[in-house]
K.L.:
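Input: one structure, supplied below.
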Amino acid sequence: MADSYMQDRAEELAQHLRLNDGKSGYVEATADGFRVYVRRKWPGKQLASWDGLPIEWHENVGTNKAANR
C-alpha cells in the first residue's frame, strides 16, 4: 500500500497530466511507482517516470475504470 508521500506525488502527477476532471483517467500510487489509467491513447505517454519512480500506463480502459469508480 502506498504511503501519504506517494499519494501526494500521485496527486501531483494527475494534476500534471490534467487528469482531474474525474472522467478521462486517474493515477494510482503503488509502493514502487505509479499506475496511470486513461480512457484513450495518450500522446504524452513518453513520460516514463515521476519523481524518480516508474509509471505504468494503462490505456483504453473503460469509463468506469477511468473514473476510478
K.L.:
With heavy-atom distances below 4.5 Å as the criterion, would you say the side chains of Leu47 and His16 are in contact?
P.N.:
yes

K.L.:
Mind checking whether Leu17 and Val38 sit in one hydrophobic cluster, side chains of I, L, V, M, F, W, Y counted as touching below 4.5 Å?
P.N.:
yes

K.L.:
Below 4.5 Å, heavy atoms only, C-beta onward: do Phe34 and Arg9 meet side chain to side chain?
P.N.:
yes

K.L.:
Do the side chains of Glu59 and Arg40 get nearer than 4.5 Å, heavy atoms only?
P.N.:
no

K.L.:
Is there a donor-acceptor contact under 3.5 Å from the side chain of Asp51 to the main chain of Leu53?
P.N.:
no

K.L.:
How long is the span from the NZ atom in Lys41 to the CG atom in Asn60, to the nearest 0.5 Å?
P.N.:
5.5 Å

K.L.:
Trp50 versus Val36: any side-chain heavy-atom pair under 4.5 Å?
P.N.:
no

K.L.:
Starting at CD of Glu28, measure out to CD of Glu56 and round the result to the nearest 0.5 Å.
P.N.:
9.0 Å

K.L.:
What is the minimum heavy-atom distance between Arg39 and Lys23, and which atoms define it?
P.N.:
CD-O, 3.2 Å

K.L.:
Looking only at non-hydrogen atoms, find the nearest pair between Ser24 and Leu19 and report the distance.
P.N.:
OG-CD2, 3.8 Å

K.L.:
Would you find a donor on one side and an acceptor on the other, under 3.5 Å apart, between the side chain of Thr30 and the backbone of Gly33?
P.N.:
yes

K.L.:
Answer with yes or no whether the hydrophobic clustering places Leu13 together with Met6; edges join I, L, V, M, F, W, Y residues whose side-chain heavy atoms lie under 4.5 Å apart.
P.N.:
yes

K.L.:
Are Trp57 and Tyr37 grouped together when hydrophobic residues (ILVMFWY) are joined by side-chain heavy atoms under 4.5 angstrom apart?
P.N.:
no

